[in-house]
Each structure stands twice: as structure tokens, then as C-alpha cells.
Participant: 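Can you keep this structure in mind? I'll have questions shortly.
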Amino acid sequence: MKKILAMILVLCMALTLVSAAVAEGKSPVDGMTVAFIPKVSGNSFFEAANDGAQKYAEEWGLTVDYIGSPDASVTTQLELIQQAIDKGVDAICISSVDATALDEKLIEAQENGIYVSTWDSDVSPNARALMVSQGTADVLGPMLVEMGVESLKERGVDVTGEVKYVWHFSNPSVADQNSWYVAGDAYIKENYPSWVAVHDPYYSNQDPATSVSVGESIFEAYPDVDLIICNDSTALPGQCGAAQNKGLTAADVLENGICTRWGLWDCGIQGALGCYLAAYVSAGNTVKVGDTVDVPGIGTVEILANGDLVEGQETAAENNGVVLLPERVVFTAENVADYPF
């Protein structure tokens, strides 16, 4: 009887503690600070991701310290990471400009208890805890191609015949963009074997001005190109700007047919998730593959193995893995006004 009574007392105490925490309304990341480092500042995609992070952070009691630069370079990001370390932040959430060049500095941060999450573009798995990915290459590569297919069909092009196409994105060292290109081009070869790549991918290194000039050079070299696939948020507006400069159509890229659709995801949620998960692990919580994390206001996410995103990548036993966003969106003239970013 005493043993049963003791168990009841312990249970009551546990329930009391849980009730007290709920009553206080504190999230698991309350009072923590995350350095939010975008790939490049001034780009609407990354600014919208920060807006989302700031919105949710307020609800979580989390401070998001935006540390950005218009210079999308390895040197600059290394400096920004050092700034974050010097400030004594609890965690870092970063979209990397290079797949490996930041590894040493981020490992240094984690060795000092500053856990790292990545989003949009990853680093080596041992240089961060969790990656918040927009989707796997086998989802996003074919998605890019099929958006092109739909646009070509709207123009009356026979997509089973010869279609001249080319890719335009940042550079091969941006791992996610390159993986979408590889998967997308493999999808083209399998499903549209008559298509012809007029050139190897064009690169504009996440620079807005370069994206326009590279875009113009594509039109000059291949005036009869049917499809330009831009798997990068800087290359896309640059390529559209190049079309405008060449007088191919009027000002509005959607309504006047420069670009009839593009695909994205809720980057606000992606930025927020990256900040939450970095802070969550830094707060002393341990996660492993197969675990789920309840993120207030967003929902439940599952920790997947790194190999689910990049084949062959290993995953550490604890505090390492990938979280996928649940959905992607195709924007058209009909729905784009519904999305502020």
C-alpha cells in the first residue's frame, strides 16, 4: 500500500510540475538567442524567411538576431559566424553559400555549445545538428521540369518533340541547387528524350547583377531557346530582368508571360523552423532519427537521416539529421498575390 501511495505521490508531483510549466506558457526555447544568417541579405526570399522567423520567435520567447550581408561570399559568412560566436548567441541558423567551406568555423561553434541548423543550403553533416530542407532532389528536380512542361504546353509547344533548354543557377558548390539540377536533368533524359540541352548550366553566383548579364548572354547565344530553368532565387529574377532588357515582353513577369509559373515553399516557416530547432538542441534537448518534435504554432516534424536528403551521407547517433518541409507551392498569376514573399 505504501508503494502504491508513493507512486501516486510521485505522479502527482510530476503532473504538478508539468502544469506549472504549462501555466507559465514557456516554450522549450524561451529566453534563448539564435543568430539568423541568410545566404545574402536584400533578397526577398531570405528577407521573408527572416520575417517568418521573427514572427514565430515572438510567440516562442526566442530572440532571433539577424546577421546578414549583401555580399554572398564564403569570406563574409565566416565573418558573420564569428560575429555570432563573439556575441555569445545560444545557436546559429544559417543558409550556406558553400557546401563545405564553412565547416571548420561551424564545428568550432558547436564545440563551444552553439548548435547549428541549416536551411535552404546545407553544409557537411558533422558541421551542423539539423538541416531544414525544402524537399529532396527527387521531388524538386522533376517539379522544376514539369513546371516548364506546363508553360511550354500553354505556348503550344509539343513537349514530346525537340525542346531546347538550359539551366541557370548559382554554382555547383551550392549543394541543394546542384542536386535539383542533377535530378531534374536525369528526369528530362528519362521522360523527354527528344529535348536538347543547348549548353552546360550557366552560373551567376547569387549575384543579382551577374544574374541579369548571364541571362542576357543566354538569349544572345541561343535566341531560339525554348526553356530556361532557374533553380535559384537570384538567377530567376535576373533571368526575367534579362528578358525585359531584351524587349521580349513587358514589365510584369507573370501577367505578360516572361515567367508563367515558379515553385517555392513557405520560406517564412522554413526560417522559423531552422531557428527553433537550433535553439531546441542548444537548450539541452536530444533528438535522433525517427524522433518527432512538436513545434508550437507550426506542428510536428520528424527527424530523418541525412541519407534521405543526400544519398550516402551518414548520420550521427544524436542531434543530427534532416527535417523536411511538408509542402511546396507553384505560383501563377492567379495565386501569387496570396503570398507576401
Side-chain angles (χ1 to χ4, degrees), residues 37-50 68-78 80-81 94-103 106 118-124 127-128 131-137 139-141 143-145 147-148 165-186 197-219 221 225 227-243 253 259 262-265 267 270-271 274 309-310 328 341:
I37 305 176
K39 193 177 293 181
V40 57
S41 63
N43 178 296
S44 60
F45 172 82
F46 295 105
E47 297 303 318
N50 176 58
S69 169
D71 175 28
S73 70
V74 169
T75 300
T76 296
Q77 282 206 318
L78 288 172
L80 297 179
I81 294 166
I94 186 169
S95 177
S96 173
V97 298
D98 188 276
T100 59
L102 307 180
D103 288 356
L106 291 176
T118 57
W119 61 282
D120 178 55
S121 291
D122 202 7
V123 294
S124 298
R128 48 84 171 154
M131 161 65 172
V132 180
S133 174
Q134 43 270 31
T136 56
V139 169
L140 290 164
M143 175 185 173
L144 287 161
V145 175
M147 284 191 295
Y165 75 98
V166 70
W167 294 77
H168 175 191
F169 58 103
S170 296
N171 59 67
S173 70
V174 181
D176 56 343
Q177 293 176 16
N178 195 60
S179 71
W180 306 338
Y181 153 66
V182 171
D185 220 49
V198 296
H199 195 279
D200 291 337
Y202 279 83
Y203 306 123
S204 50
N205 296 304
Q206 296 157 337
D207 181 78
T210 303
S211 297
V212 175
S213 61
V214 167
E216 290 177 345
S217 70
I218 294 173
F219 288 128
V225 68
L227 176 66
I228 303 171
I229 306 173
C230 300
N231 44 323
D232 166 38
S233 63
T234 304
L236 176 63
Q239 189 66 60
C240 290
V253 298
C259 176
W262 68 83
L264 200 63
W265 45 89
C267 48
Q270 188 179 26
L309 187 63
V310 179
R328 283 132 295 279
F341 51 88

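No hydrogens, no waters, no symmetry mates; every other heavy atom, side chains included, goes into these values.
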Participant: Check salt bridge (charged side-chain N to carboxylate O under 4.0 Å, His left out) between D232 and all other residues, then give those that pass, not counting sequence neighbours.
Facilitator: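 For D232, no residue satisfies salt bridge (charged side-chain N to carboxylate O under 4.0 Å, His left out) once neighbours in sequence are set aside.
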Participant: Hey, are T234 and N43 close enough side-chain-wise for a donor-acceptor pair under 3.5 Å?
Facilitator: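 Yes.
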Participant: Taking the side chain as C-beta and beyond, is there a heavy-atom pair between I228 and Y202 under 4.5 Å?
Facilitator: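 Counting from C-beta outward, I228 and Y202 never come under 4.5 Å.
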Participant: Would you say the side chain of Y203 lies within less than 4.5 Å of the side chain of V214, judging by non-hydrogen atoms?
Facilitator: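 A side-chain contact under 4.5 Å is absent here.
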Participant: Taking C-beta and beyond as the side chain, do N205 and T210 meet within less than 4.5 Å on heavy atoms?
Facilitator: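 No - every pair of side-chain heavy atoms lies 4.5 Å or more apart.
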Participant: Looking at side-chain heavy atoms only, is the closest gap between D122 and R128 below 4.5 Å?
Facilitator: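 Yes, side chains in contact.
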Participant: Would you please name every residue forming a side-chain hydrogen bond (donor to acceptor under 3.5 Å, both in side chains) with S73, sequence neighbours left out?
Facilitator: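 If we apply the side-chain hydrogen bond (donor to acceptor under 3.5 Å, both in side chains) test to S73, skipping adjacent residues, the hits are D71, T76.
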Participant: Given S204, which partner from the list S217, S213, S211 fulfils the side chain to side chain donor-acceptor pair (under 3.5 Å) test?
Facilitator: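 Exactly one option meets the side chain to side chain donor-acceptor pair (under 3.5 Å) with S204, and it is S211.
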Participant: Just by modelled atom types, is the S124 backbone N or O under 3.5 Å from a matching donor or acceptor in the D103 side chain?
Facilitator: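 Side chain of D103 to backbone of S124, a donor-acceptor pair under 3.5 Å: yes, one is there.
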Participant: Without swapping roles, check the side chain of S95 against the backbone of W119 for a donor-acceptor pair under 3.5 Å.
Facilitator: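 Side chain of S95 to backbone of W119, a donor-acceptor pair under 3.5 Å: yes, one is there.
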Participant: Has Q239 got a side-chain atom pairing as donor or acceptor with G215's backbone, closer than 3.5 angstrom?
Facilitator: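 At least one qualifying donor-acceptor pair exists.
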Participant: Does the E47 side chain pair with the main chain of G42, one donor and one acceptor, at a distance under 3.5 Å?
Facilitator: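 Confirmed, E47 side chain pairs with G42 backbone.
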